[in-house]
Q: 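One structure, pasted below without further comment.
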2 protein chains.
Amino acid sequence: MARPSKKEHLVDTAVKLFGRDGFNATGIDKILQEAGVARMTLYKHFKSKDELILAALRRRDEQFRIWFKSAVEKTGGSPAQRLLASFDALEEWFEGRAFGGVPFTGCSFINAAAEFSASNHPAHQMAGEHKRLLMEYLRLLASSAGARNPDQLAWEIALLHDGAIVAAQVSSDSNAARGAKEIARVLMKQQGVSLPEEGRAVTAQC
Amino acid sequence: MARPSKKEHLVDTAVKLFGRDGFNATGIDKILQEAGVARMTLYKHFKSKDELILAALRRRDEQFRIWFKSAVEKTGGSPAQRLLASFDALEEWFEGRAFGGVPFTGCSFINAAAEFSASNHPAHQMAGEHKRLLMEYLRLLASSAGARNPDQLAWEIALLHDGAIVAAQVSSDSNAARGAKEIARVLMKQQGVSLPEEGRAVTAQC
DNA sequence: ATAAATATACAGACCGGTTAGTCTTCTAAA
DNA sequence: TTTAGAAGACTAACCGGTCTGTATATTTAT
């Protein structure tokens, strides 16, 4: 019953538990129990745990990128402002204000690449694809913002994102996003991207 | 026999295998076999696998920081040049030219924080300590280089390091270190750190 | 409308393999 | 002779994965 439900719910639960406890450390049984789903229902939809892992990463990629885009765009600023707003989105995430208050446990894709270190492992490759798609979005913003070299700026900002993620995860550095944002400001300026007045929104100038 | 050997060799083997295959995915048996050491010899020196993991991380921290410092300092340049040389060291590492040609599989501490996500887990905390110690070294260099705000510059460069590590690991981006180096150049300039002529060593000016 | 057939999902026993960790026996060297 | 270490059996738990059986719907045929 509720055809859209069982498989979806299983994948959602897997996303949550894999993200929280890791892939190898999370057993099938825990997922089944948490999801309230029978064993054979899982193996009807997925032929192995590895396939469930891939499905969970696919879902996470989709979920994350949708959230990220909307978090960046809800500010409604110019492309340049949106590039900066991406760091505010990271801060939301780090502080557990994103994804319904789920505590931050690092980027699932960085974590996946860590656990599945062989670069030809499907999960590892999916991690690379996720980062590539995020960078593609940044490249679009950089281009719209009038960067002299949009590819380079997107690459740089992506690197700042990952650096901030690592700092937030490994060192519990709650200011990582803000610090990275300041670096981004410098790099954008260097690329000829013009921002409105420093530290004040262009629309609410009192 | 060879008193210094057994325990040390065990830890060295653990460093290698944990680094290559991950912590949860590496069983005790594999380490024992690879090291050619008996089971009880392990449990004579460590009361659990967790303790072996911590010992391996301690060794890796020591090994990595010694290598990193010497790789940075063998260039023999000024403090400012050494800050930049740190990115060349990363490149060596990424390309498998460090640690006796062991292929790069990411930073063991980032990986540890990924597998042991609870921030109060000893391995996770050791990862934070490792990053802190590396940053301390960078702070010293930044200070000697005459940075206006050495703490900030060290923090920024550490973030660039981690960003480059993630890019190299997740996306197999072989230019990650060079790209990060260029960003560092900008940030150092902004901090009033003066470099000799661009792209040419100060001692070998032909 | 009623009855049979089909599909879906749950519950749980079960399997072989592997895990971390303990214990005992044997060997070789100091 | 003493002792460190190798070898390997052993335990208890857990792993991913399979199999059986049952209950409940929905669909189809009569």
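Predicted, not measured: the structure shown is a model, and the values here were computed from it. Protein chains get the first letters and strands the later ones, always in sequence-line order, with residue 1 at the start of each.
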Q: Between B/Glu156 and B/Gln152, do the side chains contain a donor N or O and an acceptor N or O under 3.5 Å apart?
A: yes
Q: Roughly how many Å is it from CG in A/Leu32 to P in C/dA13, rounded to a whole number?
A: 15 Å
Q: Roughly, in whole Å, what's the span from NE2 in A/His45 to P in D/dG17?
A: 16 Å
Q: Output all residues satisfying side-chain hydrogen bond (donor to acceptor under 3.5 Å, both in side chains) with A/Glu91, sequence neighbours left out; order by chain, then residue number.
A: A/Arg178
Q: If we count only N and O atoms by modelled type, under 3.5 Å, do the side chains of A/Ser86 and A/His161 hold a donor and an acceptor together?
A: yes
Q: Give the rounded distance in Å between these two atoms: CZ of B/Phe46 and P of D/dG5.
A: 13 Å
Q: Kindly say if A/Thr41 contacts the phosphate of C/dC10, meaning a side-chain N or O under 4.0 Å from OP1 or OP2.
A: yes
Q: Looking at A/Lys44, I'd like to know whether one of its side-chain N or O atoms comes within less than 4.0 Å of OP1 or OP2 on C/dA7.
A: no
Q: Taking atom P of D/dA7 as reference, at what distance in whole Å does atom CG of B/Leu42 sit?
A: 15 Å
Q: Quick check, are the ring centers of A/Trp93 and A/Phe64 under 6.0 angstrom apart?
A: yes
Q: Answer yes or no for B/Lys49 and B/Tyr43: cation-pi contact, defined as NZ/CZ to six-membered ring centre under 6.0 Å and angle to ring axis within 45°.
A: no
Q: Of all residues at least two apart in sequence or in a different chain, which pass the salt bridge (charged side-chain N to carboxylate O under 4.0 Å, His left out) check with A/Lys181?
A: A/Asp88
Q: Could you run down nucleotides 14-22 of chain C 5' to 3' and tag each one B, S or - for protein heavy-atom contact under 4.0 Å?
A: ------BBB
Q: Please report the distance, rounded to the nearest Å, between NZ in B/Lys7 and C1' in D/dG5.
A: 16 Å
Q: Nearest whole angstrom, please: distance from the C1' of D/dT3 to the NZ of B/Lys6.
A: 15 Å
